[in-house]
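Here is the structure we will look at.
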2 protein chains.
Amino acid sequence: MSLAHAILGLLNYQPMSGYDLKHLAFDRTIAHFWPADQAQIYRTLDKMAGEGWIAGELEVQSDRPNRRVFTITEAGRAELDRWLHTPQAIPAHREAFLVQMFFAAQLPDAVILEHIDQQIAARQARLDQFGQIIAPSPDEGPLRREQVFWRLTLEFGLAHERMCIEWLELSKQTIRSAAQPPDTKDAPHEG
Amino acid sequence: MSLAHAILGLLNYQPMSGYDLKHLAFDRTIAHFWPADQAQIYRTLDKMAGEGWIAGELEVQSDRPNRRVFTITEAGRAELDRWLHTPQAIPAHREAFLVQMFFAAQLPDAVILEHIDQQIAARQARLDQFGQIIAPSPDEGPLRREQVFWRLTLEFGLAHERMCIEWLELSKQTIRSAAQPPDTKDAPHEG
DNA sequence: GTATAATATAGGACAAATCATATATCAAGG
DNA sequence: CCTTGATATATGATTTGTCCTATATTATAC
(Lines give C-alpha, C1' and ligand atoms only; values in the text may rest on other atoms or scores of the structure.)
Protein backbone atom coordinates (compact mmCIF):
# COMPACT_ATOMS: atom_id res chain seq x y z
CA MET A 1 0.00 0.00 0.00
CA SER A 2 1.81 3.08 -1.25
CA LEU A 3 -0.35 5.53 0.68
CA ALA A 4 1.21 4.17 3.86
CA HIS A 5 4.66 4.61 2.39
CA ALA A 6 3.98 8.14 1.25
CA ILE A 7 2.88 8.89 4.82
CA LEU A 8 6.03 7.24 6.19
CA GLY A 9 8.12 9.45 3.92
CA LEU A 10 6.32 12.54 5.15
CA LEU A 11 6.48 11.62 8.84
CA ASN A 12 10.18 10.97 8.34
CA TYR A 13 10.55 14.72 7.84
CA GLN A 14 8.55 15.65 10.93
CA PRO A 15 5.70 14.40 13.15
CA MET A 16 2.27 15.37 11.89
CA SER A 17 -1.43 14.85 12.49
CA GLY A 18 -3.84 13.38 9.96
CA TYR A 19 -5.11 16.86 9.29
CA ASP A 20 -1.60 18.16 8.60
CA LEU A 21 -0.89 15.27 6.27
CA LYS A 22 -4.03 15.97 4.28
CA HIS A 23 -3.92 19.74 4.08
CA LEU A 24 -0.25 20.60 4.27
CA ALA A 25 1.41 17.64 2.60
CA PHE A 26 -0.88 15.73 0.25
CA ASP A 27 -3.07 18.51 -1.08
CA ARG A 28 -0.12 20.87 -1.56
CA THR A 29 2.52 18.78 -3.27
CA ILE A 30 1.86 15.05 -3.50
CA ALA A 31 -1.72 15.01 -4.73
CA HIS A 32 -0.76 15.21 -8.40
CA PHE A 33 0.87 11.79 -8.29
CA TRP A 34 -0.82 10.32 -5.22
CA PRO A 35 -4.07 12.00 -4.15
CA ALA A 36 -5.32 10.92 -0.74
CA ASP A 37 -8.79 10.93 0.72
CA GLN A 38 -9.15 12.30 4.25
CA ALA A 39 -11.03 9.27 5.55
CA GLN A 40 -8.45 6.95 4.04
CA ILE A 41 -5.56 8.86 5.64
CA TYR A 42 -7.02 8.41 9.14
CA ARG A 43 -7.77 4.73 8.58
CA THR A 44 -4.30 4.15 7.16
CA LEU A 45 -2.73 5.91 10.17
CA ASP A 46 -4.59 3.48 12.43
CA LYS A 47 -3.28 0.53 10.45
CA MET A 48 0.25 1.88 10.45
CA ALA A 49 0.13 2.40 14.21
CA GLY A 50 -1.05 -1.20 14.48
CA GLU A 51 1.98 -2.30 12.46
CA GLY A 52 4.20 -0.33 14.79
CA TRP A 53 5.47 1.92 12.00
CA ILE A 54 4.27 5.10 13.68
CA ALA A 55 3.34 6.16 17.21
CA GLY A 56 0.48 8.57 17.86
CA GLU A 57 0.26 10.90 20.80
CA LEU A 58 -2.77 12.97 21.77
CA GLU A 59 -2.04 16.67 21.84
CA VAL A 60 -4.66 18.42 23.95
CA GLN A 61 -5.66 21.84 22.67
CA SER A 62 -7.90 24.28 24.50
CA ASP A 63 -9.00 26.53 21.66
CA ARG A 64 -9.27 23.82 19.00
CA PRO A 65 -10.16 20.12 18.79
CA ASN A 66 -7.43 17.84 20.08
CA ARG A 67 -4.89 16.47 17.64
CA ARG A 68 -3.31 13.04 17.30
CA VAL A 69 0.27 13.69 16.28
CA PHE A 70 2.11 10.75 14.71
CA THR A 71 5.84 10.12 14.84
CA ILE A 72 7.70 7.59 12.73
CA THR A 73 9.29 4.72 14.67
CA GLU A 74 12.49 2.83 13.99
CA ALA A 75 10.41 0.03 12.48
CA GLY A 76 8.72 2.62 10.30
CA ARG A 77 12.06 3.98 9.08
CA ALA A 78 13.16 0.44 8.26
CA GLU A 79 9.94 -0.20 6.33
CA LEU A 80 10.30 3.08 4.45
CA ASP A 81 13.86 2.24 3.53
CA ARG A 82 12.89 -1.27 2.43
CA TRP A 83 10.08 0.11 0.27
CA LEU A 84 12.24 2.83 -1.27
CA HIS A 85 14.59 0.07 -2.44
CA THR A 86 11.76 -1.94 -4.05
CA PRO A 87 11.26 -1.51 -7.81
CA GLN A 88 7.75 -0.33 -8.64
CA ALA A 89 5.53 -1.65 -11.41
CA ILE A 90 4.04 0.77 -13.90
CA PRO A 91 0.49 1.44 -12.73
CA ALA A 92 -2.56 0.71 -14.83
CA HIS A 93 -3.76 3.67 -16.81
CA ARG A 94 -7.55 4.03 -16.77
CA GLU A 95 -9.03 7.02 -18.51
CA ALA A 96 -12.73 7.15 -19.28
CA PHE A 97 -12.25 9.94 -21.82
CA LEU A 98 -10.04 7.68 -23.94
CA VAL A 99 -12.80 5.07 -23.90
CA GLN A 100 -15.13 7.75 -25.25
CA MET A 101 -12.55 8.66 -27.87
CA PHE A 102 -12.28 5.02 -28.90
CA PHE A 103 -16.03 4.86 -29.52
CA ALA A 104 -16.40 8.45 -30.71
CA ALA A 105 -17.22 7.40 -34.26
CA GLN A 106 -20.75 6.96 -32.91
CA LEU A 107 -20.87 10.65 -31.95
CA PRO A 108 -21.29 13.74 -34.11
CA ASP A 109 -18.02 15.63 -34.54
CA ALA A 110 -19.44 18.61 -32.66
CA VAL A 111 -19.95 16.57 -29.48
CA ILE A 112 -16.51 14.98 -29.43
CA LEU A 113 -14.90 18.35 -30.20
CA GLU A 114 -16.75 19.79 -27.21
CA HIS A 115 -15.46 16.95 -25.03
CA ILE A 116 -11.95 17.66 -26.23
CA ASP A 117 -12.25 21.35 -25.40
CA GLN A 118 -13.52 20.48 -21.95
CA GLN A 119 -10.54 18.14 -21.43
CA ILE A 120 -8.14 20.86 -22.57
CA ALA A 121 -9.67 23.29 -20.10
CA ALA A 122 -9.40 20.75 -17.25
CA ARG A 123 -5.79 19.95 -18.11
CA GLN A 124 -4.95 23.64 -18.37
CA ALA A 125 -6.50 24.20 -14.94
CA ARG A 126 -4.19 21.56 -13.49
CA LEU A 127 -1.21 23.14 -15.21
CA ASP A 128 -2.15 26.45 -13.59
CA GLN A 129 -2.41 24.77 -10.17
CA PHE A 130 1.11 23.43 -10.56
CA GLY A 131 2.27 27.03 -10.79
CA GLN A 132 1.24 27.41 -7.17
CA ILE A 133 3.38 24.54 -5.95
CA ILE A 134 6.34 26.07 -4.25
CA ALA A 135 9.07 25.21 -6.73
CA PRO A 136 12.54 26.31 -5.69
CA SER A 137 13.85 28.38 -8.58
CA PRO A 138 17.21 27.33 -9.96
CA ASP A 139 18.72 30.82 -9.65
CA GLU A 140 18.60 30.65 -5.86
CA GLY A 141 21.89 28.87 -5.75
CA PRO A 142 22.43 25.12 -5.59
CA LEU A 143 19.35 23.14 -4.66
CA ARG A 144 19.21 21.02 -1.55
CA ARG A 145 19.26 17.32 -2.37
CA GLU A 146 15.55 16.94 -1.52
CA GLN A 147 14.62 19.83 -3.76
CA VAL A 148 16.18 18.19 -6.80
CA PHE A 149 13.75 15.29 -6.48
CA TRP A 150 10.76 17.41 -5.51
CA ARG A 151 11.35 19.49 -8.60
CA LEU A 152 11.59 16.40 -10.79
CA THR A 153 8.16 15.16 -9.68
CA LEU A 154 6.79 18.61 -10.42
CA GLU A 155 8.42 18.53 -13.85
CA PHE A 156 6.71 15.23 -14.46
CA GLY A 157 3.34 16.76 -13.69
CA LEU A 158 4.01 19.64 -16.05
CA ALA A 159 5.29 17.37 -18.83
CA HIS A 160 2.26 15.11 -18.42
CA GLU A 161 -0.32 17.86 -18.69
CA ARG A 162 1.53 19.48 -21.60
CA MET A 163 1.65 16.16 -23.45
CA CYS A 164 -2.07 15.65 -22.90
CA ILE A 165 -2.90 19.12 -24.19
CA GLU A 166 -0.70 18.66 -27.24
CA TRP A 167 -2.39 15.36 -28.02
CA LEU A 168 -5.85 16.91 -27.54
CA GLU A 169 -4.97 19.73 -29.95
CA LEU A 170 -3.66 17.22 -32.46
CA SER A 171 -6.89 15.25 -32.08
CA LYS A 172 -8.96 18.32 -32.85
CA GLN A 173 -6.99 18.93 -36.02
CA THR A 174 -7.21 15.30 -37.06
CA ILE A 175 -10.96 15.19 -36.55
CA ARG A 176 -11.48 18.44 -38.42
CA SER A 177 -9.38 17.37 -41.38
CA ALA A 178 -11.08 13.97 -41.51
CA ALA A 179 -14.41 15.70 -41.04
CA GLN A 180 -17.68 13.81 -41.16
CA PRO A 181 -18.91 13.73 -44.73
CA PRO A 182 -21.92 15.99 -45.30
CA ASP A 183 -25.38 14.49 -45.56
CA THR A 184 -24.86 13.55 -49.20
CA LYS A 185 -23.86 9.96 -49.76
CA ASP A 186 -21.28 10.94 -52.38
CA ALA A 187 -17.73 11.78 -51.48
CA PRO A 188 -17.08 15.51 -51.23
CA HIS A 189 -15.80 17.17 -54.42
CA GLU A 190 -12.67 18.58 -52.85
CA GLY A 191 -10.31 15.78 -52.02
CA MET B 1 -18.74 2.42 -14.11
CA SER B 2 -16.76 2.86 -17.30
CA LEU B 3 -15.95 -0.83 -17.69
CA ALA B 4 -19.63 -1.42 -18.39
CA HIS B 5 -19.62 1.34 -20.97
CA ALA B 6 -16.51 0.04 -22.67
CA ILE B 7 -18.25 -3.33 -22.91
CA LEU B 8 -21.38 -1.67 -24.31
CA GLY B 9 -19.25 0.02 -26.95
CA LEU B 10 -17.69 -3.29 -27.91
CA LEU B 11 -20.95 -5.23 -27.96
CA ASN B 12 -22.37 -2.48 -30.15
CA TYR B 13 -19.98 -3.70 -32.86
CA GLN B 14 -20.95 -7.34 -32.49
CA PRO B 15 -22.20 -9.89 -29.93
CA MET B 16 -19.42 -11.47 -27.87
CA SER B 17 -18.75 -13.75 -24.93
CA GLY B 18 -16.85 -12.73 -21.82
CA TYR B 19 -13.90 -14.66 -23.13
CA ASP B 20 -13.98 -12.79 -26.43
CA LEU B 21 -14.21 -9.46 -24.67
CA LYS B 22 -11.18 -10.25 -22.55
CA HIS B 23 -8.90 -11.84 -25.12
CA LEU B 24 -9.93 -10.26 -28.41
CA ALA B 25 -11.03 -6.80 -27.38
CA PHE B 26 -9.56 -5.64 -24.08
CA ASP B 27 -6.17 -7.30 -24.15
CA ARG B 28 -5.59 -6.38 -27.79
CA THR B 29 -6.53 -2.72 -28.05
CA ILE B 30 -8.26 -1.22 -25.05
CA ALA B 31 -6.02 -2.41 -22.23
CA HIS B 32 -3.61 0.50 -22.50
CA PHE B 33 -6.28 2.97 -21.41
CA TRP B 34 -8.71 0.62 -19.67
CA PRO B 35 -7.30 -2.75 -18.59
CA ALA B 36 -9.93 -5.24 -17.46
CA ASP B 37 -9.67 -8.23 -15.17
CA GLN B 38 -11.31 -11.43 -16.37
CA ALA B 39 -13.29 -11.92 -13.15
CA GLN B 40 -14.49 -8.35 -13.27
CA ILE B 41 -15.66 -8.68 -16.87
CA TYR B 42 -17.91 -11.65 -16.04
CA ARG B 43 -19.34 -9.97 -12.95
CA THR B 44 -19.94 -6.76 -14.89
CA LEU B 45 -21.72 -8.71 -17.64
CA ASP B 46 -24.06 -10.15 -14.99
CA LYS B 47 -24.80 -6.67 -13.67
CA MET B 48 -25.37 -5.29 -17.16
CA ALA B 49 -27.75 -8.12 -17.98
CA GLY B 50 -29.56 -7.29 -14.74
CA GLU B 51 -29.88 -3.67 -15.90
CA GLY B 52 -31.28 -4.88 -19.20
CA TRP B 53 -28.45 -3.35 -21.22
CA ILE B 54 -27.40 -6.66 -22.71
CA ALA B 55 -28.98 -10.06 -23.28
CA GLY B 56 -27.01 -13.27 -22.91
CA GLU B 57 -27.71 -16.46 -24.76
CA LEU B 58 -26.12 -19.81 -24.08
CA GLU B 59 -24.32 -21.23 -27.08
CA VAL B 60 -23.85 -24.95 -26.63
CA GLN B 61 -20.60 -26.32 -27.99
CA SER B 62 -19.71 -29.97 -28.22
CA ASP B 63 -15.95 -29.78 -28.55
CA ARG B 64 -15.42 -26.86 -26.16
CA PRO B 65 -17.05 -25.45 -23.02
CA ASN B 66 -20.32 -23.66 -23.66
CA ARG B 67 -20.27 -19.92 -24.25
CA ARG B 68 -22.60 -17.17 -23.06
CA VAL B 69 -22.83 -14.74 -25.95
CA PHE B 70 -24.07 -11.26 -25.10
CA THR B 71 -25.94 -8.91 -27.41
CA ILE B 72 -26.55 -5.23 -26.74
CA THR B 73 -30.22 -4.28 -26.27
CA GLU B 74 -32.02 -1.09 -27.23
CA ALA B 75 -31.73 0.06 -23.61
CA GLY B 76 -28.02 -0.68 -23.79
CA ARG B 77 -27.62 1.40 -26.94
CA ALA B 78 -29.46 4.25 -25.26
CA GLU B 79 -27.24 3.99 -22.19
CA LEU B 80 -24.10 3.93 -24.36
CA ASP B 81 -25.28 6.99 -26.23
CA ARG B 82 -26.11 8.81 -23.02
CA TRP B 83 -22.70 8.00 -21.57
CA LEU B 84 -20.83 9.00 -24.73
CA HIS B 85 -22.46 12.42 -24.41
CA THR B 86 -21.38 12.82 -20.76
CA PRO B 87 -18.20 14.85 -20.12
CA GLN B 88 -15.60 12.82 -18.23
CA ALA B 89 -13.53 14.03 -15.31
CA ILE B 90 -9.76 13.71 -15.46
CA PRO B 91 -8.87 10.57 -13.51
CA ALA B 92 -6.60 10.59 -10.49
CA HIS B 93 -3.00 9.83 -11.31
CA ARG B 94 -1.39 7.44 -8.79
CA GLU B 95 2.14 6.36 -9.46
CA ALA B 96 4.20 4.69 -6.75
CA PHE B 97 7.44 5.37 -8.60
CA LEU B 98 6.82 9.11 -8.35
CA VAL B 99 6.36 8.73 -4.61
CA GLN B 100 9.75 7.04 -4.50
CA MET B 101 11.20 9.84 -6.59
CA PHE B 102 9.76 12.40 -4.19
CA PHE B 103 11.54 10.74 -1.27
CA ALA B 104 14.60 9.63 -3.23
CA ALA B 105 16.89 12.04 -1.38
CA GLN B 106 16.99 9.31 1.27
CA LEU B 107 18.45 6.87 -1.25
CA PRO B 108 21.96 6.65 -2.70
CA ASP B 109 22.11 7.93 -6.27
CA ALA B 110 23.00 4.45 -7.51
CA VAL B 111 19.72 2.98 -6.26
CA ILE B 112 17.46 5.66 -7.70
CA LEU B 113 19.35 5.52 -11.01
CA GLU B 114 18.69 1.78 -11.10
CA HIS B 115 15.01 2.38 -10.45
CA ILE B 116 14.96 4.88 -13.31
CA ASP B 117 16.58 2.42 -15.69
CA GLN B 118 14.07 -0.23 -14.71
CA GLN B 119 11.22 2.23 -15.39
CA ILE B 120 12.70 3.11 -18.78
CA ALA B 121 12.89 -0.58 -19.68
CA ALA B 122 9.28 -1.14 -18.62
CA ARG B 123 8.06 1.90 -20.57
CA GLN B 124 10.05 0.81 -23.60
CA ALA B 125 8.48 -2.63 -23.40
CA ARG B 126 5.03 -1.04 -23.52
CA LEU B 127 6.06 1.08 -26.48
CA ASP B 128 7.14 -2.09 -28.26
CA GLN B 129 3.80 -3.76 -27.47
CA PHE B 130 1.97 -0.85 -29.07
CA GLY B 131 3.76 -1.71 -32.29
CA GLN B 132 1.72 -4.91 -32.34
CA ILE B 133 -1.60 -3.15 -32.17
CA ILE B 134 -3.09 -3.26 -35.62
CA ALA B 135 -2.77 0.35 -36.63
CA PRO B 136 -4.22 1.14 -40.02
CA SER B 137 -1.45 2.85 -41.95
CA PRO B 138 -2.32 6.20 -43.48
CA ASP B 139 -1.17 5.26 -46.99
CA GLU B 140 -3.96 2.71 -47.33
CA GLY B 141 -6.30 5.37 -48.55
CA PRO B 142 -8.78 7.33 -46.41
CA LEU B 143 -9.42 5.84 -43.00
CA ARG B 144 -12.82 4.67 -41.97
CA ARG B 145 -14.37 6.97 -39.37
CA GLU B 146 -13.81 4.42 -36.56
CA GLN B 147 -10.17 4.03 -37.49
CA VAL B 148 -9.49 7.73 -37.05
CA PHE B 149 -10.47 7.48 -33.40
CA TRP B 150 -8.82 4.12 -32.80
CA ARG B 151 -5.61 5.57 -34.15
CA LEU B 152 -5.88 8.62 -31.92
CA THR B 153 -6.10 6.49 -28.76
CA LEU B 154 -3.05 4.57 -29.97
CA GLU B 155 -1.23 7.87 -30.59
CA PHE B 156 -2.03 8.82 -27.01
CA GLY B 157 -0.42 5.67 -25.71
CA LEU B 158 2.68 6.28 -27.79
CA ALA B 159 2.91 9.94 -26.77
CA HIS B 160 2.45 8.98 -23.14
CA GLU B 161 5.23 6.39 -23.06
CA ARG B 162 7.56 8.66 -25.02
CA MET B 163 6.94 11.51 -22.61
CA CYS B 164 7.67 9.24 -19.64
CA ILE B 165 10.90 8.01 -21.17
CA GLU B 166 12.03 11.55 -21.98
CA TRP B 167 11.34 12.63 -18.43
CA LEU B 168 13.17 9.61 -17.04
CA GLU B 169 16.22 10.41 -19.18
CA LEU B 170 16.10 14.03 -18.07
CA SER B 171 15.91 12.83 -14.46
CA LYS B 172 19.03 10.72 -14.90
CA GLN B 173 20.93 13.70 -16.26
CA THR B 174 19.68 15.96 -13.50
CA ILE B 175 20.65 13.52 -10.78
CA ARG B 176 24.08 12.96 -12.29
CA SER B 177 24.85 16.65 -12.66
CA ALA B 178 23.61 17.36 -9.14
CA ALA B 179 25.53 14.33 -7.92
CA GLN B 180 25.73 13.43 -4.27
CA PRO B 181 28.69 15.26 -2.72
CA PRO B 182 31.57 12.93 -1.83
CA ASP B 183 32.16 11.82 1.73
CA THR B 184 34.07 14.98 2.62
CA LYS B 185 32.08 17.50 4.59
CA ASP B 186 33.62 20.42 2.69
CA ALA B 187 32.17 21.63 -0.57
CA PRO B 188 33.95 20.22 -3.60
CA HIS B 189 36.78 22.40 -4.95
CA GLU B 190 35.34 22.59 -8.43
CA GLY B 191 32.10 24.33 -8.39
C1' DG C 1 -28.31 36.26 15.97
C1' DT C 2 -27.15 33.00 12.38
C1' DA C 3 -24.73 30.87 8.84
C1' DT C 4 -20.32 29.61 7.21
C1' DA C 5 -15.46 28.27 7.26
C1' DA C 6 -11.44 26.40 9.54
C1' DT C 7 -9.71 22.99 12.65
C1' DA C 8 -9.78 17.99 13.85
C1' DT C 9 -11.21 13.09 13.88
C1' DA C 10 -14.08 9.13 12.75
C1' DG C 11 -17.43 5.59 10.98
C1' DG C 12 -20.80 3.46 7.62
C1' DA C 13 -21.71 2.10 3.16
C1' DC C 14 -20.32 1.21 -1.10
C1' DA C 15 -17.81 0.74 -5.61
C1' DA C 16 -14.03 -0.88 -8.11
C1' DA C 17 -10.29 -3.73 -8.80
C1' DT C 18 -7.15 -7.62 -7.81
C1' DC C 19 -5.74 -12.23 -6.71
C1' DA C 20 -6.38 -16.87 -6.14
C1' DT C 21 -8.77 -20.71 -7.10
C1' DA C 22 -12.22 -24.04 -9.03
C1' DT C 23 -14.39 -26.43 -12.74
C1' DA C 24 -14.59 -28.79 -17.34
C1' DT C 25 -13.19 -30.16 -22.07
C1' DC C 26 -10.13 -30.91 -25.88
C1' DA C 27 -5.71 -30.91 -28.37
C1' DA C 28 -0.85 -31.29 -28.62
C1' DG C 29 3.71 -32.43 -27.00
C1' DG C 30 6.92 -35.28 -24.60
C1' DC D 1 0.44 -41.66 -19.67
C1' DC D 2 0.93 -37.10 -18.13
C1' DT D 3 1.43 -32.37 -18.40
C1' DT D 4 0.56 -28.13 -20.48
C1' DG D 5 -2.14 -24.72 -22.93
C1' DA D 6 -6.32 -22.99 -25.05
C1' DT D 7 -11.16 -22.44 -24.39
C1' DA D 8 -14.83 -20.95 -21.18
C1' DT D 9 -17.09 -19.46 -16.87
C1' DA D 10 -17.49 -18.57 -11.97
C1' DT D 11 -16.88 -17.61 -6.87
C1' DG D 12 -14.49 -16.14 -2.52
C1' DA D 13 -11.69 -13.03 -0.19
C1' DT D 14 -9.42 -9.01 0.14
C1' DT D 15 -7.59 -4.42 -0.88
C1' DT D 16 -8.20 0.29 -2.21
C1' DG D 17 -10.47 4.14 -2.78
C1' DT D 18 -14.74 7.25 -2.59
C1' DC D 19 -18.67 9.54 -0.71
C1' DC D 20 -21.48 10.91 2.85
C1' DT D 21 -22.30 11.94 7.31
C1' DA D 22 -21.45 12.94 12.29
C1' DT D 23 -19.21 15.33 16.02
C1' DA D 24 -17.21 19.46 18.39
C1' DT D 25 -15.13 24.05 18.92
C1' DT D 26 -13.74 28.66 17.57
C1' DA D 27 -13.66 32.59 14.57
C1' DT D 28 -15.51 35.37 11.03
C1' DA D 29 -18.88 37.31 7.99
C1' DC D 30 -23.49 38.90 7.01
Side-chain angles (χ1 to χ4, degrees), chain A residues 1-7 15-28 30-51 54 56-70 83 88-96 99, chain B residues 1-7 15-28 30-51 54 56-70 83 88-96 99:
Chain A
M1 213 206 330
S2 289
L3 176 60
H5 296 101
I7 291 174
M16 273 185 277
S17 67
Y19 190 87
D20 293 340
L21 285 164
K22 171 67 177 163
H23 296 272
L24 303 180
F26 278 96
D27 287 358
R28 296 269 177 94
I30 294 192
H32 73 278
F33 50 87
W34 204 281
D37 182 75
Q38 173 263 130
Q40 204 192 352
I41 288 175
Y42 283 104
R43 277 193 262 245
T44 302
L45 285 169
D46 288 342
K47 267 177 87 175
M48 293 167 72
E51 299 274 350
I54 58 176
E57 207 172 340
L58 193 72
E59 193 181 281
V60 179
Q61 300 189 125
S62 55
D63 53 336
R64 290 175 191 179
N66 297 338
R67 293 152 48 87
R68 276 167 70 213
V69 177
F70 293 91
W83 183 79
Q88 299 300 313
I90 291 177
H93 186 144
R94 267 191 195 90
E95 193 158 343
V99 178
Chain B
M1 213 203 333
S2 288
L3 176 59
H5 296 100
I7 292 174
M16 273 187 277
S17 67
Y19 190 88
D20 293 339
L21 285 164
K22 171 68 177 162
H23 296 271
L24 303 180
F26 278 96
D27 287 358
R28 296 269 177 94
I30 294 192
H32 73 277
F33 52 86
W34 204 281
D37 182 75
Q38 173 263 129
Q40 205 192 351
I41 288 175
Y42 283 104
R43 276 194 262 248
T44 302
L45 285 169
D46 287 342
K47 267 176 88 174
M48 293 167 72
E51 297 273 352
I54 58 175
E57 207 172 341
L58 194 70
E59 193 180 283
V60 179
Q61 299 189 127
S62 54
D63 53 336
R64 292 175 187 178
N66 297 339
R67 295 151 45 86
R68 278 167 67 212
V69 177
F70 293 91
W83 183 81
Q88 298 300 313
I90 292 177
H93 186 141
R94 268 195 193 85
E95 192 157 345
V99 177

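Each chain gets a letter, A, B and so on, in the order the sequences are listed, and its residues count up from 1. We use all heavy atoms of the structure for the numbers below, so side chains are in, but hydrogens, waters and symmetry mates are not.
Considering CZ of A/Arg94 and CZ of B/Arg94, their distance stands at 12.5 Å, rounded to 0.5 Å. The CZ atom of A/Phe70 sits 11.0 Å away from the CG atom of A/Asp20 when rounded to the nearest 0.5 Å.
With respect to the salt-bridge test (charged N to carboxylate O, under 4.0 angstrom), the residues B/Arg43 and B/Asp37 do not qualify.
Rounded to whole Å, atom C1' of C/dA6 lies 14 Å from atom CZ of A/Arg67. Atom CZ of B/Arg94 and atom P of C/dT18 are 13 Å apart (whole Å). Atom CG in B/Asp37 sits about 18 Å away from atom P in C/dA15, given to the nearest Å. Whole-Å rounding puts the A/Gln40 CD to C/dA13 C1' distance at 15 Å. Note: CD (B/Gln38) to C1' (C/dA20) measures 11 Å, nearest angstrom. Regarding A/Leu21, its CG atom lies at a distance of 13 Å from the C1' atom of C/dA8, rounded to whole Å. Distance A/Asp46 CG to C/dA10 P: 6 Å, rounded to the nearest Å. Look at OH on B/Tyr42: it is 17 Å from C1' on C/dT18, rounded to the nearest Å.
A 4.5 Å side-chain heavy-atom check between A/Leu3 and A/Gln40 finds at least one atom pair inside the cut-off. Annotation: side chain of A/Met48 is in contact with side chain of A/Ile7 (closest heavy-atom distance under 4.5 Å).
Across all strands shown, A/Ala36 has no heavy atoms under 4.0 Å from either base or sugar-phosphate atoms.
Ranked by how close their nearest DNA chain D nucleotide is to the 5' end, A/Pro65 and A/Met1 are led by A/Met1. Residues B/Phe70 and A/Pro35 both approach DNA chain D. Their nearest nucleotides, taken by heavy-atom distance, put B/Phe70 toward the 5′ side. With the nearest nucleotide of DNA chain C identified for both A/Arg43 and A/Arg64, A/Arg64 has the one nearer the 5' end.
When each of C/dA16, C/dA20, C/dA17 is scored by its nearest atom to the side-chain atoms of B/Trp34, the top-ranked nucleotide is C/dA17. Nearest nucleotide to the side chain of A/Arg68, out of C/dA10, C/dG11, C/dA20: C/dA10.
The minimum heavy-atom distance linking A/Lys22 with A/Ala36 is given by the pair NZ-O, 2.8 Å. Residue A/Phe26 comes nearest to A/Trp34 through the heavy atom pair CD2-O, 3.4 Å, listed as atom of the first residue, atom of the second, then distance. Residue B/Arg28 comes nearest to B/His23 through the heavy atom pair CG-O, 3.4 Å, listed as atom of the first residue, atom of the second, then distance.
The span of DNA chain D lying next to chain A, judged by atoms under 4.0 Å from heavy atoms, is bounded 5' to 3' by D/dT16 to D/dT26.
Overall, the helix from C/dG1-D/dC30 to C/dG30-D/dC1 carries an axis bend of 20° between its ends, with five pairs at each end and the value rounded to 10°.
Between the side chain of A/Tyr42 and the backbone N or O of A/Tyr19, at least one donor-acceptor pair lies under 3.5 Å.
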